[in-house]
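Read through the structure below, which is laid out as structure tokens, and then see the notes.
Residues take their numbers from the sequence shown, with the count starting at 1.
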Amino acid sequence: MCSADDDLLRHTDSIFIPFVYKFSAKHVPQVMCTIEGVSIKMPVDTGSTGLLVGAPILPSVDSKIGVSAHHFFTSSKILYVGRLVELPISFDGEAGSYATAKVPILVVDKSWRCPWYSPEKDSFECPPGPNGEMAVERDTSNITYMGVGFGRNHPSDGMPIATPRVNPFLNIVAINGLSVSSKSMRAGYIVTTKGIELGLTPNNTQGFIFDKLQPGWGHAEDPRDWSMAEMCFSVNGKGRNCGAVLVDTGIAQMYIRADEGVSIPTVTIRNPNKHGYAKMVRRVKRGTKITVDFPTIGDQGVSYSFIIGEGSPIEPNFVVPGRPGYPPFVNTGRNFLHGHSVAFDAVGGRFGYRPVQHSSSSVL
């Protein structure tokens, strides 16, 4: 087990960035920020990495500058193509406070929803579909997205900008206009249902139980790069499916993949999403109990569970079963935060959990 150790004592700088709206399963949480004089309600997604803004939103940014780049989201099947331009971004804190980061931003010139896109072989264009379909180009004037996650830059993911250097929450350079350094501000953040605490200190990490992370694919290049946290889950009290876990504020549903040969009760229903490509979809059955443990923490292990359909605050909107295979995987969705706040220590390579008072989650 790891705890907030003596190494944190020298880190004193932090700032709280509140969410614009009350935390809800209905939408991705947002914070207020300013880029090039433009105020933006910026979505905060812990399930991806990289900041994207449509070019029309930043008219002062010269269309001829920047390094060509693209980003493909495997969940939404959306391809973004544009230029990486390094720009300052300021986040609104409480009572007039603010934090400033400077990171490469993907200024999006073109975008498509491209279900047949293959990160392994495609790059800057959405190719024709298997039956010759041509993707419809999306309007870029409303594109704003900020991924602040980690462990999402596997080489096969086709996400060349998913590195710590493009994560604004890990690259804060000033608070209230005064410069901060790695000596005073520990790179990392805490996510709650109220907002984001930037910078880890002995005070704001009290009550967290930390788990050690494994180095990520880019750790040698950037020591702030870490793999996802680990968990084990059971279904209806049976089995122990162990693998990676992602606490993802970007979605309200859960994705779950069990070990090869493990059966999860499922049902096939008509797709409730009228804009979805599939007419029928699979869901884990109502009445199924799912328990997720974070076992590598030790004697003070953290656990949470829910029964689908009972309406607990921590229950995801629905649960999508993946094809059984190795390794198992769980994407909790954002409702997990009704039970636990989470903390990412990018310097020490740790992920922490702190129970929310009066929640239906449990600390064992």
Side-chain angles (χ1 to χ4, degrees), residues 17 19 23 27-31 33 42-53 69 71-76 78 80 89 91 101 103-106 119 144-172 187-193 195-200 210-219 221-231 243-255 292 294 316 329-337 340-353:
I17 310 298
F19 290 139
F23 188 84
H27 55 77
V28 179
Q30 297 172 312
V31 295
C33 71
M42 186 66 74
V44 178
D45 178 19
T46 56
S48 63
T49 308
L51 208 163
L52 299 83
V53 181
H71 193 104
F72 180 69
F73 285 97
T74 55
S75 55
S76 63
I78 295 177
Y80 299 89
I89 173 173
F91 298 102
V103 293
I105 296 174
L106 181 61
T144 57
Y145 215 77
M146 182 175 66
V148 296
F150 64 95
R152 304 291 285 163
N153 61 334
H154 189 286
S156 66
D157 288 342
M159 298 190 291
I161 67 170
T163 62
R165 74 182 184 90
V166 300
N167 187 333
F169 284 177
L170 301 184
N171 293 279
I172 302 298
Y189 54 78
I190 295 168
V191 186
T192 74
T193 55
I196 309 291
E197 187 87 26
L198 299 178
L200 303 185
F210 281 93
D211 189 14
K212 187 67 178 174
L213 301 172
Q214 296 300 312
W217 286 88
H219 188 79
E221 179 181 341
D222 189 330
R224 300 172 300 171
D225 187 55
W226 301 95
S227 296
M228 284 186 283
E230 298 176 358
M231 62 81 219
V245 63
L246 175 63
V247 179
D248 188 351
T249 58
I251 60 174
Q253 67 271 25
M254 168 183 276
Y255 289 93
V292 183
F294 306 95
F329 172 72
V330 166
N331 182 327
T332 67
R334 57 177 161 267
N335 288 351
F336 175 84
L337 292 173
H340 289 84
S341 298
V342 295
F344 172 48
D345 180 0
V347 177
R350 305 180 303 173
F351 195 66
Y353 308 85

As an exercise, state the distance from [atom1] of [X] to [atom2] of [Y], rounded to the nearest 0.5 Å.
{"X": "Thr46", "Y": "Ile251", "atom1": "OG1", "atom2": "CD1", "answer": "9.0 Å"}
{"X": "Leu51", "Y": "Met42", "atom1": "CG", "atom2": "CE", "answer": "4.5 Å"}
{"X": "Ile190", "Y": "Asp345", "atom1": "CD1", "atom2": "CG", "answer": "10.0 Å"}
{"X": "Thr332", "Y": "Gln253", "atom1": "OG1", "atom2": "CD", "answer": "10.5 Å"}
{"X": "Glu230", "Y": "Asp211", "atom1": "CD", "atom2": "CG", "answer": "6.5 Å"}
{"X": "Leu52", "Y": "Ile105", "atom1": "CG", "atom2": "CD1", "answer": "9.5 Å"}

Qualifying residues under side-chain contact (heavy atoms from CB on, under 4.5 Å), relative to [X], sequence neighbours excluded:
{"X": "Thr193", "answer": "Phe23, Leu337, His338"}
{"X": "Val28", "answer": "Pro43, Tyr145, Arg334"}
{"X": "Pro223", "answer": "His219"}
{"X": "Ala244", "answer": "Met228, Phe329"}

How far apart are the closest heavy atoms of [X] and [Y], and which atoms are they?
{"X": "Pro164", "Y": "Asn171", "answer": "O-ND2, 2.9 Å"}
{"X": "Leu106", "Y": "His71", "answer": "CD2-CB, 3.9 Å"}
{"X": "Tyr189", "Y": "Gly149", "answer": "OH-CA, 3.9 Å"}
{"X": "Phe344", "Y": "Leu200", "answer": "O-CD1, 3.7 Å"}
{"X": "Trp226", "Y": "Phe150", "answer": "O-CD1, 3.6 Å"}
{"X": "Lys212", "Y": "Gly348", "answer": "NZ-O, 2.5 Å"}

Please enumerate all residues that pass side chain to side chain donor-acceptor pair (under 3.5 Å) together with Asn167, with sequence neighbours excluded.
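Asn167 satisfies side chain to side chain donor-acceptor pair (under 3.5 Å) with no other residue.
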Which residues satisfy the ring pair (Phe, Tyr, Trp, His ring centres under 6.0 Å) test with Tyr80, sequence neighbours excluded?
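If we apply the ring pair (Phe, Tyr, Trp, His ring centres under 6.0 Å) test to Tyr80, skipping adjacent residues, the hits are Phe73.
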Once ring pair (Phe, Tyr, Trp, His ring centres under 6.0 Å) is applied, do any residues pair with Phe91, and if so which ones, sequence neighbours excluded?
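In terms of ring pair (Phe, Tyr, Trp, His ring centres under 6.0 Å), with neighbours along the sequence ignored, Phe91 is linked to Phe169.
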Among residues at least two apart in sequence or on other chains, which ones pass salt bridge (Lys or Arg N to Asp or Glu O under 4.0 Å) with Asp248?
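If we apply the salt bridge (Lys or Arg N to Asp or Glu O under 4.0 Å) test to Asp248, skipping adjacent residues, there are no hits.
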With Thr49 as reference, evaluate Leu170, Asp225, Val166 under the side chain to side chain contact (heavy atoms under 4.5 Å, CB included) test and give the passing residue.
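Answer after filtering Leu170, Asp225, Val166: Val166.
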Would Phe19 and Val31 count as a side-chain contact (heavy atoms from CB on, under 4.5 Å) if you check the C-alpha gap in whole Å, the side-chain angles of each, and the deciding distance to 0.1 Å?
CA-CA 5 Å; Phe19 290 139; Val31 295; 3.8 Å; yes
Please check this pair: side chain of Thr144 against backbone of Val53, looking for a donor-acceptor N/O pair closer than 3.5 Å.
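Not at all, since once roles are kept as given, no pair shorter than 3.5 Å links the two residues.
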